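Contents: one structure, followed by commentary.
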Protein chains: 2
Amino acid sequence: MSLAGRPTSKDVAQEAGVSQSTVSLVLGGKWAGRVSPATAHSVRGAAERLGYRPNQAARNLRLGTTRTVLLMVPTLSAPFFGPVYTGAARAAARHGFAVVVSTWPDDAVGPADSPFAAPDEAIDGILASSMAVEALGGFRDTPAVMLDSGPAGERVPTVDFGVADGMRAIAAHLAGLGHRRIGHVGAAVDQWTFHARGGALASAVAALPGGVLTRATCAIDVTSAKEAAGRLLDAPDRPTALVCDDDLIAAGAYKAARARGLDIPADLSVTGFDDVLLATALEPELTTVRLPAEELGAQGMATLLDLLSGGRPSPRVLPGELVVRESTAPPGA
Amino acid sequence: MSLAGRPTSKDVAQEAGVSQSTVSLVLGGKWAGRVSPATAHSVRGAAERLGYRPNQAARNLRLGTTRTVLLMVPTLSAPFFGPVYTGAARAAARHGFAVVVSTWPDDAVGPADSPFAAPDEAIDGILASSMAVEALGGFRDTPAVMLDSGPAGERVPTVDFGVADGMRAIAAHLAGLGHRRIGHVGAAVDQWTFHARGGALASAVAALPGGVLTRATCAIDVTSAKEAAGRLLDAPDRPTALVCDDDLIAAGAYKAARARGLDIPADLSVTGFDDVLLATALEPELTTVRLPAEELGAQGMATLLDLLSGGRPSPRVLPGELVVRESTAPPGA
DNA sequence: CCGGACGGGTAATACGTATGACTGAACGGC
DNA sequence: GCCGTTCAGTCATACGTATTACCCGTCCGG
């Protein structure tokens, strides 16, 4: 039991020859004009010597707080959300906050009814990723920050990726290579980020002289993606480039292309989105947009902590970055 | 603040017309012979009606416990550990426990000095994955369960994968296809699981009539793996099959093979280990050994909870499963 | 008819912290 | 020389729970 026998503020008080209240005042930083600098110093010394760490349970009880925030993500088994967690947890730890994770139930499209959705312990705030603000449900009046979920009105702060810019960068890159007939393999997932990706691509291609966009959607898995990409490739006047909503979808597109004897990038350019580990494991390596997932978690947590301490954080947008690798080339190269 | 205004045991007591102690007795389940069934029933009814949830902070303070366990993993950014967390958290949640994660610092080979290693809050137990029991360091006398870390002596329970059996299954599969010259692309990582994998493969090939094993090691990333696999392929009498310690390493082997104009599986069979998402995204799909990562987390947590409640859990081993896909075939097929 | 046992419940307390109310000494102003 | 202030702390209390010690009425054995 790493709790037993730990020094308490009372022990520190005794060691320093002061009262427990003084210890609490000093260590809480609220001693301006109440405790002499000399006393404060000796208290700090005593605390240091004893290796005093405040008992969080007692502090939480007293303050009616928990120093715990809930991170709601669709899953931790997808490659994207691990880093989000890491970034959030790291930022939280610096402020003495813990992070508990709630994932959506398997095969669910939203967080509702998750066995995780309402952890027994109370929480101070929520970091909710990739979901509509309405889905907060019972947590409506808990301070929350929405991640990668798009604009959410005045009431709740957001941190998003600049996915539209990212998609425009892809479109510009392909256009620059000479592509005009572009296929979009979209994720059939009702999340802001995918709507934004699709919308940005559509308008970018529409603005391109001679641009033609075809479109198919699929679930975010290789099999489904392969099938959807195949539909686009089998159409008359097939596209010379496939823009995929996600790296994993791009992997499916690779398979569809190979099954038809098309070489990437000579016969077909393919792009992904997110830049997960997979992107460099594929062959050829995937041109994609890198989204700073860990940064999303970190900035989200910073925003939430700001909110919790009474701030009025403004929305933030983290730019994606086009990473050109080997899967794109001029058409017919 | 989802804490404010929550009903307390005192509120329940009032609602039920009994004292707070009675409520605590009933809800704690320790009322045998102290409270009449009728009263107990009415207390439960009142608690239900008010939606009472005990305040964890108060309970923790009283009991000197935290209902929090620490999960130590190398990283959450690798595809393998997300599911481990999920399994552990799910099992923990069922018993009202929370899980906080500590990852190793970037580029570290062990958990030492991690900013996460000593979260401020105290913990009741530790689930430590993929590390030597000695590395527990300052947590030596906290109840702990080692995951995927090999035998750890009498004092600390373990949950491991049957990696040796898995590797033997791979060897048998390849031998059955007719392979004799086998290359091992090993992970140059000082973890039990990789030592076990290498050892099992070595003895399996040694036991194979005419079996020849060559070996190269690398870090667990595509570039490094490609280089290591290349060394094996460039040797005289190159192997007809490459056994990789990890799916990601197999991805590197694919690249090395392609760079040399070798077709998989016609000219070269390749196997992986772990069966992460990547395995089916590759082309051809990867023959590998599936390790039930989520199950590891779940069983590990079950073991830890058992330990915490005074049990003496015995070591468990979770079998891996050979998944034959498209990357293996008879040599020269 | 009395004492003890027992069933059914309550009162009181401690866990460790943060904080508002209070106190005693020194000191300055008039 | 006395009072109001400030300084430097301390006292007491509350947060919500679990548990130990106690209490009261009833029933039963002798």
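Side-chain atoms are counted along with the backbone in the values below, which use heavy atoms only and exclude waters and symmetry mates. Only a predicted model underlies this, so the values are computations on that prediction, with no experimental measurement involved. In what follows, every chain begins at residue 1, and chains take the letters A, B, ... in the order their sequences are listed.
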Below the 4.0 Å mark, does dT19(D) have OP1 or OP2 next to a side-chain nitrogen or oxygen of K30(B)?
yes
Name every donor-acceptor pair, under 3.5 Å, that has one atom in a side chain of residues 307-317 of chain A and the other anywhere in the protein, sequence neighbours excluded.
residue, atom, partner, partner atom, Å
S309(A), OG, L305(A), O, 3.0
S309(A), OG, D306(A), O, 3.0
R316(A), NE, T303(A), OG1, 3.4
R316(A), NH1, Q299(A), OE1, 2.4

Could you list the residues that satisfy side-chain contact (heavy atoms from CB on, under 4.5 Å) with A128(A), not counting sequence neighbours?
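side-chain contact (heavy atoms from CB on, under 4.5 Å) check on A128(A) returns M72(A), I126(A), M131(A), L136(A), M146(A).
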Sequence neighbours excluded - salt bridge (charged side-chain N to carboxylate O under 4.0 Å, His left out) pairs with any residue from residues 13-33 of chain B:
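Those involving residues 13-33 of chain B are E15(B)-R49(B).
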Exam field: side chain N60(B) to backbone A57(B), donor-acceptor pair closer than 3.5 Å
no
Is T8(B) touching bases, backbone alone, or none of the nucleic acid, heavy atoms closer than 4.0 Å?
sugar-phosphate
Measure from [atom1] on [X] to [atom2] on [N] and round the result to the nearest Å.
X	N	atom1	atom2	answer
R59(A)	dT19(C)	CZ	C1'	13 Å
Q56(B)	dC15(D)	CD	C1'	15 Å
W31(A)	dG20(C)	CH2	P	19 Å
N60(B)	dT17(D)	CG	P	12 Å
R6(B)	dG16(D)	CZ	P	10 Å

Pairwise N/O distances under 3.5 Å, protein to nucleotides 6-10 of chain D:
residue, atom, partner, partner atom, Å
dG9(D), OP1, S36(A), OG, 3.4
dG9(D), OP1, T39(A), OG1, 2.7
dG9(D), OP2, S36(A), N, 2.6
dG9(D), OP2, S36(A), OG, 3.0
dG9(D), OP2, T39(A), OG1, 3.0
dT10(D), OP1, S19(A), N, 3.3
dT10(D), OP2, S19(A), N, 3.1
dT10(D), OP2, S19(A), OG, 2.8
dT10(D), OP2, T22(A), OG1, 2.1
dT10(D), O4, R34(A), NH2, 3.2

Could you list all the side-chain hydrogen bond (donor to acceptor under 3.5 Å, both in side chains) pairs where at least one residue sits in residues 126-138 of chain B, not counting sequence neighbours?
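Found none.
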side-chain hydrogen bond (donor to acceptor under 3.5 Å, both in side chains) pairs, two or more places apart, involving residues 150-162 of chain A:
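Sorted result for residues 150-162 of chain A: empty, none.
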Given dT19(C), dT17(D), dG16(D), the nucleotide with the shortest approach to the side chain of L61(A):
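Output: dG16(D).
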